[in-house]
Amino acid sequence: MSADTPESEAVADRPARYDARAIERKWQDVWAAERTWEAPNPGRPGFDPDAAKAYVLVMLPYPSGEPHVGHLKVYSVGDAIAHYRRRTGHEVLQPMGYDSFGLPAENHAIQTGEHPRVSTERSIASFRKQFLDWGISIDWSRELATHSPDYYRWTQWIFLRLFEAGLAYRAEAAVHWCPQDQTVLANEQVIDGRCERCGTEVVPKKLEQWYFRITDYADRLLADFDRLESWPEHVVTMQRNWIGRSEGAEAVFRCAELGMDFPVFTTRPDTLYGATFFVLAPEHPDLDRLIDGTANAGEVRDYVAAALRRPAGERGDAEREKTGVRLERPVTNPVNGEEIPVFVADYVLMEYGTGAIMAVPAHDQRDYEFAQTFDLPIRPVVEPADGSDPPDDAAFVTQSEDVRIVNSGDLDGLTPAAAMLRIIEELQADGRGRLAVNYRLRDWLLSRQRYWGCPIPIVHCPNCGPVPVPDEQLPVELPDVDDYRPKGQSPLATATDWVETTCPRCSGPARRETDTMDTFVDSSWYFLRYLDPGNEELPFDRAIADHWMPVDQYIGGVEHAILHLMYARFFTKALADEGLLGVQEPFANLFTQGMITREGAKMSKSKGNVVDPADYVARYGADTARTYVCFMGPPDRGGDWVDEGVDGVHRFLSRLWRLADELPAAGGKEPSAFDAEWQRRTEGAPRALLAKAHWAIDKATRDFERDFQFNTVIAAVMELVNDAYRLRAELEGDDGRRAFRFATATAASLIFPFAPHLGSEAWEMVAGGHLWEEPWPLADQELLATDVITLVVQVNGKLRDRVEVPVGAAEADVLAAVHASPRVQELLDGREPVKSIVVPDRLVNLVVR
RNA sequence: GCCGGAGUGGCGGAAUGGCAGACGCGAUCGAUUCAAAAUCGAUUGUCCGAAAGGACGUGUGGGUUCGAAUCCCACCUCCGGUACCA
């Protein structure tokens, strides 16, 4: 039905129909024209210093192809929160941007020759168009894309501040190399020994690479979980485990012959007397010196070479039989002076602890297996205190009160905990060890040998070493290249004119760094750039950032629980340490939404079960699609997309629209329908409908506040609409019409966060004006309360009857009413209850015999 | 193995110590229609019963309680994370 259809024809020929497309276009035009969702910064026109701020942020999308149903869900959830916060009096900032550097665009370029910028920007245009079609209330004036030089200039600038602070450094180490993508990967990007992106088994490779010193922040990353308001417990746990702090001791084993010290980390210093051998990782840097000049040096080197070639997945397999080679030089146990043999074995990892372990086969499963294979002595040093036989299990390492130390000199008889303290004291006194804390977390490897990323702003000078590019020369722009294929080094290396430059320090000939940054660097600070996107002097102004930060509500997929969320926390702390920012934690509240499946399976092109949100938006309108994804179930859990469910939601929205359509649109909007005094005087069916409306307001508000229970918020509005239909026939006269109007307006108001177009339209039809300017409704306690309560009557805990009693009736009166019931009398059959439980205004339970 | 989360009708789910199954889907019946679609209304956990009503019922077994889907103990299953981490 177009706007210029003559009224008579529309009324005569066609029944009124909910025309979602027309309604959605109408309101989207209004919001675009009046820039409704723009949030002014402090000091700008329209800024209200008295309004509470709410920074509502959904993780920015990686723009590839078209948005999928996961995007629909996450932005629908975020927008519902944004709308709710606005109408509860907050100045809401909801921005949007694109995480637009990355491998898929580059792989596409390798296949087609199309520049990644071209395909990426095409995809950004699709995303933007769909977000507009969905009517997400975004402040578009702050839009950004991480591949734009205006953005990555500041990524480079921040890199240089971290470099100056000693938090970015270059080091040679064994790294994870993906042979398929021809690039190194961070620890966090290796899943089960395979590349996170392409699934290829990663291989170890020794390379000089750039790192961020995130390990310096390990303790603060752990401690500051206390500063968060509300994060899902499992996300905190995952990060805790990833950081993997363990307390123990460092003990130094000495090779007397060479005068070399080998420190080890152990969480069980109390078992030091049980160490019967010593093991080094194949990558251990001192291995060469240790085997130099010994008879089996060749055999050791062969073993090491084989171990280093082994894919990480295979080496990490705990089921594999232990392998290793015995070296010819022993080391000395610092507590008892005992000489024990040294092995090299690939079950010891260079990246954890010191790359060397003391092996206690009696109390460690892996050491036990190794000792079995190589027929080495096993010496128990912890036994049950009652003298019973220890369990057969080699992993008998309990630290409980009912075990005692044995075979350990003067430690014998102590509990493990006491022995631990004593031994650390002794080690420290001798200078042979100390209390130590160890982390699983590694420094963040950020170099990538790929094209489509942010260039690292460093120049390598033969005289001065790595020299930072001066701030005023930023951005170091990504040059165009002819061939995107990776060849073991970044495709940037082929851009000769770009690579060859002069040293900013000595002006001699120098070469640019050709690696690019991990794209997680780009997304580690984007939430700050939104705050001040036009700033040409700094990445962001501190005063503006201090106003908006922290993000009040962050929303995204749980798949980012470790990587992105930990990196962003690290960046925030590092920037705060540089005095650039006043907060220690970027995201006060985190909400992780569950994944949508179809027919119980993850959507994928190969399975042919992909839901394209654009299809549903075209067919039913965005409001239906958005409301459906919020209605499927609690949004933090997953859900299965069912087309019939979409129909159901569309039916509900149509019913709501028709309610509005039935009310005379023209003439006074009858503000009296909202008059509390009038509402309280109403009786009968109008009163029942008004009460239902206030019940829905109350229910919706509570469920919004409690964990964003959107499915039950929507269900409450459905109930209200259903009641309006049911009671419609009884709603006669002024009171009836007003109650009907109030119920419809309330339903529109409550559904607005999920279906903002329909909500606005229905509101305009029955109340007039712009719904988003209306405060969130408040339930009238007087209309929530009823004077008579239907009380549940149980006999011996089983439901037997119901009686009506006045609200707040005294216990004696309630019991009298219960005993007066014929059914109760029949069931009691003359017996006196031994006990009567009365829960005021709820139930009575009579216990007999 | 370890750490999280979850098991409720035909299906998605609701109820977090007090009426199990809100709301939606599906199904059945009715109204409307020349007919269909759409729409409106009613019914819909299982079993027994003509009905009134009764029995059973939230993964399994036990416990606490007047009362348990909800709390406790043990176990089973599924999902997610993580793992030669010393």
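Numbers restart at 1 for each chain; the letters A, B, ... are given by sequence-line order, proteins then strands.
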Whole angstrom is fine here: how far is it from [atom1] in [X] over to [atom2] in [N]?
| X | N | atom1 | atom2 | result |
| --- | --- | --- | --- | --- |
| A:Ile714 | B:A22 | CD1 | P | 18 Å |
| A:Glu719 | B:C23 | CD | C1' | 6 Å |
| A:Leu349 | B:A83 | CG | P | 11 Å |
| A:Arg268 | B:A86 | CZ | P | 11 Å |
| A:Asn333 | B:A86 | CG | P | 20 Å |
| A:Arg842 | B:C66 | CZ | C1' | 16 Å |
| A:Asp698 | B:A22 | CG | P | 21 Å |
| A:Gln372 | B:C84 | CD | C1' | 16 Å |

Next on the checklist: Starting the side chain at C-beta, find the nucleotide from B:C66, B:C84, B:A86 nearest to A:Ile837.
Outcome noted: B:C66

Item to check | Among B:A86, B:C66, B:A42, the nucleotide that comes nearest once only the side chain of A:Arg726 is considered | outcome: B:A42

Checklist entry - Since syn is defined as within 90° of 0, does B:G9 count as syn or as anti? => result syn

Between [N] and [M], how far apart are the two [atom1] atoms, rounded to whole Å?
| N | M | atom1 | result |
| --- | --- | --- | --- |
| B:C40 | B:A51 | P | 31 Å |
| B:G49 | B:A42 | P | 29 Å |
| B:A15 | B:U8 | P | 15 Å |
| B:G21 | B:G45 | P | 9 Å |
| B:U32 | B:C23 | C1' | 27 Å |
| B:U82 | B:C47 | C1' | 47 Å |
| B:C34 | B:C29 | C1' | 22 Å |
| B:C3 | B:G54 | C1' | 47 Å |

Check this for me, if you would: do [X] and [Y] make a salt bridge, where the nitrogen-to-carboxylate-oxygen distance has to be below 4.0 angstrom?
| X | Y | answer |
| --- | --- | --- |
| A:Arg726 | A:Asp723 | yes |
| A:Glu283 | A:Arg315 | yes |
| A:Asp643 | A:Arg598 | yes |

With a 3.5 angstrom cut-off on both distances, give the Watson-Crick or G-U wobble partner of [N], or none if there isn't one.
| N | result |
| --- | --- |
| B:G1 | B:U82 |
| B:G9 | none |
| B:G61 | B:C73 |
| B:A27 | B:U43 |
| B:A68 | none |
| B:G17 | none |
| B:A37 | none |
| B:G49 | none |

Next on the checklist: Could you go through A:Tyr620 and A:Val649, starting from their C-alpha distance and side-chain angles, then the distance that decides it, and tell me whether this counts as side-chain contact (heavy atoms from CB on, under 4.5 Å)?
Outcome noted: CA-CA 10 Å; A:Tyr620 298 96; A:Val649 167; over 6 Å; no

Checklist entry - Heavy-atom count around A:Arg245 CZ within 6.0 Å, excluding the residue itself: above 12? => result yes

Checklist entry - Are A:Tyr439 and A:Tyr352 near enough that their ring centres are under 6.0 Å apart? => result no

Checklist entry - Which is it for A:Arg702 and A:Asp698 under the salt bridge (Lys or Arg N to Asp or Glu O under 4.0 Å) test, yes or no, and what are the steps along the way? => result CA-CA 6 Å; A:Arg702 276 187 289 116; A:Asp698 185 59; 3.0 Å; yes

Checklist entry - Which residue pairs satisfy the salt bridge (Lys or Arg N to Asp or Glu O under 4.0 Å) criterion with at least one member in residues 623-636 of chain A, sequence neighbours excluded? => result A:Asp79-A:Arg626

Categorize [X] for me: base, sugar-phosphate, or nothing, with a 4.0 angstrom heavy-atom threshold over every strand shown.
| X | answer |
| --- | --- |
| A:Gly244 | nothing |
| A:Gln794 | base |
| A:Val649 | nothing |
| A:Arg366 | base |

Checklist entry - Of A:Val252, A:Ile357, A:Leu280, which is the lone residue that meets side chain to side chain contact (heavy atoms under 4.5 Å, CB included) with A:Phe262? => result A:Leu280

Checklist entry - Do A:Arg569 and A:Phe225 meet the cation-pi criteria used here (NZ or CZ under 6.0 Å from the six-membered ring centre, within 45° of the axis)? => result yes

Checklist entry - Centre of A:Phe370's six-membered ring, under 6.0 Å away, within 45 degrees of the axis: is that where NZ or CZ of A:Lys322 sits? => result no

Contact state string [[range], B base, S sugar-phosphate only, - no protein heavy atom under 4.0 Å]:
| range | answer |
| --- | --- |
| nucleotides 77-82 of chain B | ----SS |
| nucleotides 5-17 of chain B | -------SSSS-- |
| nucleotides 47-55 of chain B | ------SSS |

Is any side-chain heavy atom of [Y] closer than 4.5 Å to one of [X]?
| X | Y | answer |
| --- | --- | --- |
| A:Phe652 | A:Ile751 | yes |
| A:Leu689 | A:Glu730 | no |
| A:Phe708 | A:Val713 | no |

Checklist entry - Start at the 5' end of RNA chain B and walk down; is the nucleotide closest to A:Ala716 or to A:Ser246 reached first? => result A:Ala716

Do any N or O atoms of the protein come closer than 3.5 Å to N or O atoms of nucleotides 37-40 of chain B, and which pairs are they?
from	atom 1	to	atom 2	distance (Å)
B:U39	O3'	A:Arg658	NH2	2.9
B:C40	OP1	A:Arg655	NH1	2.6
B:C40	OP1	A:Arg658	NH2	3.0

Checklist entry - Is the base of B:C19 touched by the side chain of A:Arg802 through a donor-acceptor pair closer than 3.5 angstrom? => result yes

Next on the checklist: Run A:Thr746 and A:His694 through side-chain contact (heavy atoms from CB on, under 4.5 Å) and show every step you take.
Outcome noted: CA-CA 9 Å; A:Thr746 299; A:His694 284 276; over 6 Å; no

Item to check | Set of salt bridge (Lys or Arg N to Asp or Glu O under 4.0 Å) partners for A:Asp346, sequence neighbours left out | outcome: A:Arg310, A:Arg320

Checklist entry - Closest approach of A:Gln239 and A:Trp231, non-hydrogen atoms and distance? => result NE2-CZ3, 3.8 Å

Item to check | OP1 or OP2 of B:G24 under 4.0 Å from side-chain N/O of A:Asn722 | outcome: yes

